[in-house]
Number of protein chains: 2
Amino acid sequence: MTDDQDPIRGAAGPLPTPTMTDADDAAGGELLRLDRQLCFALYSVSNRITRLYRPLLDELGLTYPQYLAMLVLWERAPRTVGELADALDLDSGTLTPLLKRMEGNGLVLRRRDPADERRVIVELTEAGAALRQAALSVPRRLACHFALPLDEVGPLRDRIKALLPPDQS
Amino acid sequence: MTDDQDPIRGAAGPLPTPTMTDADDAAGGELLRLDRQLCFALYSVSNRITRLYRPLLDELGLTYPQYLAMLVLWERAPRTVGELADALDLDSGTLTPLLKRMEGNGLVLRRRDPADERRVIVELTEAGAALRQAALSVPRRLACHFALPLDEVGPLRDRIKALLPPDQS
DNA sequence: ATCAATCATATTGCGCACAATTAAATGTGA
DNA sequence: TCACATTTAATTGTGCGCAATATGATTGAT
């Protein structure tokens, strides 16, 4: 339960070396090792991918989440905020200010749906639609950072998408 | 190059349906499809994992990045901010306020290294070290959300860690 | 018609994540 | 010893990401 630690240490003092006992590891401590964690590998690689996108997307005046929103809109527009939220698995607290920034940059327009005033319809401007041309080279330029044969991308992607059960929100 | 679009549309008006041409796809447009993107799969699953951790880590009074910092410190403490940054692949702009919050919650102590006043040493408090016991059940409780046989976790984790070249910072 | 429940989005508050900058300490060479 | 580059964190500013809440619109039951 407790470490076989220095008995002199004060009750509120810092611990110099919090060692793990065999009992801890048997109870699950081995699974706490950062280098064994699938979740941290995913978290870390996701952060690093965003960093790799940054210089490419700076040329387009987009952040990575904004680029994702544009990918969705380039596939089909207009869409409501809710449809974007479903496609990106993000909520309105994230998307509303993101879309307002993109509107400020002249890439999209936001307007209430006349048929249902609760909805906000997001549509592409000319500039937003035209930006797709400049984005065409992004996937290939990013892919060159990956140490993965092209024919393994699809299977790995599908494996990762299948890791968690489909949205339970 | 350009869509065969409605010639009547105004120059600044919104585009109803920004279709993709065969020429676009030949130039790389197929790769812009969100559902084909490995990067989005990683980004999305990382967000969802953080959401799954939240209720478990709420019990410990930790966020997911704070939990990661604790994992590192539980393995070995004290450490400098720079060593934490290396281990977590995060920078000081992220870690400094995170560590200050954890200090405010009584989990760590921060002090300058007397031998090199540029360094800040982060050490665990009694409470911070003791929290490891409560964290032991977290990996197992999170893992039950994963649709992955246990013996496939290690290989998949190593595959993801090998996706990008080791830190080039 | 009215009211309650539901729905879609916006707002607020907090905590990352990182670029750019600042500041202080250290090391190095002339 | 005195520049001067380097190292290490902290600070500032911007943009996510989400919980909790608020606002307003719609639907449905009566």
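- As judged by a 4.0 angstrom heavy-atom cut-off over every strand, B/L95 is placed among residues making no nucleic acid contact.
- Looking at B/Y53 and B/T63, their side chains never come closer than 4.5 Å, going by heavy atoms from C-beta outward.
- When rounded to the nearest whole Å, the span between CD1 of B/I49 and C1' of D/dG17 equals 15 Å.
- Straight-line distance from the CE atom of A/M102 to the P atom of D/dG15: 13 Å, rounded to whole Å.
- Counting only heavy atoms from C-beta on, A/S92 has its side chain closest to C/dT11 among D/dC16, D/dA9, C/dT11.
- For A/T63, no side-chain nitrogen or oxygen approaches OP1 or OP2 of D/dT14 to under 4.0 Å.
- If you measure from atom CG of B/L84 to atom P of C/dA17, you get 14 Å, rounded to the nearest angstrom.
- For B/R112 and D/dT8, the CZ to C1' distance is 8 Å, given to the nearest whole Å.
- Looking at heavy-atom distances under 4.0 Å, A/G82 makes contact with sugar-phosphate atoms alone, never a base.
- Inter-residue side-chain proximity for A/R111 and A/V120 is flagged as unmet; no heavy-atom pair is nearer than 4.5 Å.
- Among the nucleotides D/dT26, D/dC18, D/dA9, the one closest to the side chain of B/V120 is D/dA9.
- Remark: the backbone N or O of A/R119 is not paired with any side-chain donor or acceptor of A/T80 at under 3.5 angstrom.
- The one candidate from B/L124, B/L60, B/L57 that meets the side chain to side chain contact (heavy atoms under 4.5 Å, CB included) condition with B/M70 is B/L124.
- Using modelled atom types, one side-chain atom of A/R112 and one backbone atom of A/E117 make a donor-acceptor pair closer than 3.5 Å.
- Between the side chain of A/K161 and the main chain of B/S44, no donor-acceptor pair closer than 3.5 Å is present.
- In this structure, A/Y43 and A/T96 both approach DNA chain C, and ranking their closest nucleotides by distance from the 5' end singles out A/T96.
- D/dC16 atom C1' lies 11 Å from atom CZ of A/R54, rounded to whole Å.
- Distances shown here put every side-chain N or O of A/R51 at or beyond 4.0 Å from the OP1 or OP2 atom of C/dA19.
- Between the base of D/dT8 and the side chain of B/R119 there is no donor-acceptor pair shorter than 3.5 Å.
- Among the nucleotides D/dC18, C/dA10, C/dG15, the one closest to any side-chain atom of B/R101 is C/dG15.
- Distance OH (A/Y64) to P (D/dT14): 24 Å, rounded to an integer number of Å.
- The separation between B/L52 atom CG and D/dG17 atom P is 16 Å, rounded to whole Å.
- At least one side-chain nitrogen or oxygen of B/K100 sits closer than 4.0 Å to the OP1 or OP2 atom of D/dT11.
- If you check D/dC18, D/dC16, C/dA25 against the side chain of A/Q66, the one that comes closest is D/dC16.
- Taking atom CG of B/D116 as the reference point, atom C1' of D/dA9 lies 11 Å away to the nearest angstrom.
- The residue B/T80 sits close only to the backbone: its heavy atoms come under 4.0 Å of sugar-phosphate atoms, none of a base.
- Taking the side chain of B/T94 as heavy atoms from C-beta on, and the options C/dT26, C/dC18, D/dA19, the nearest nucleotide is C/dC18.
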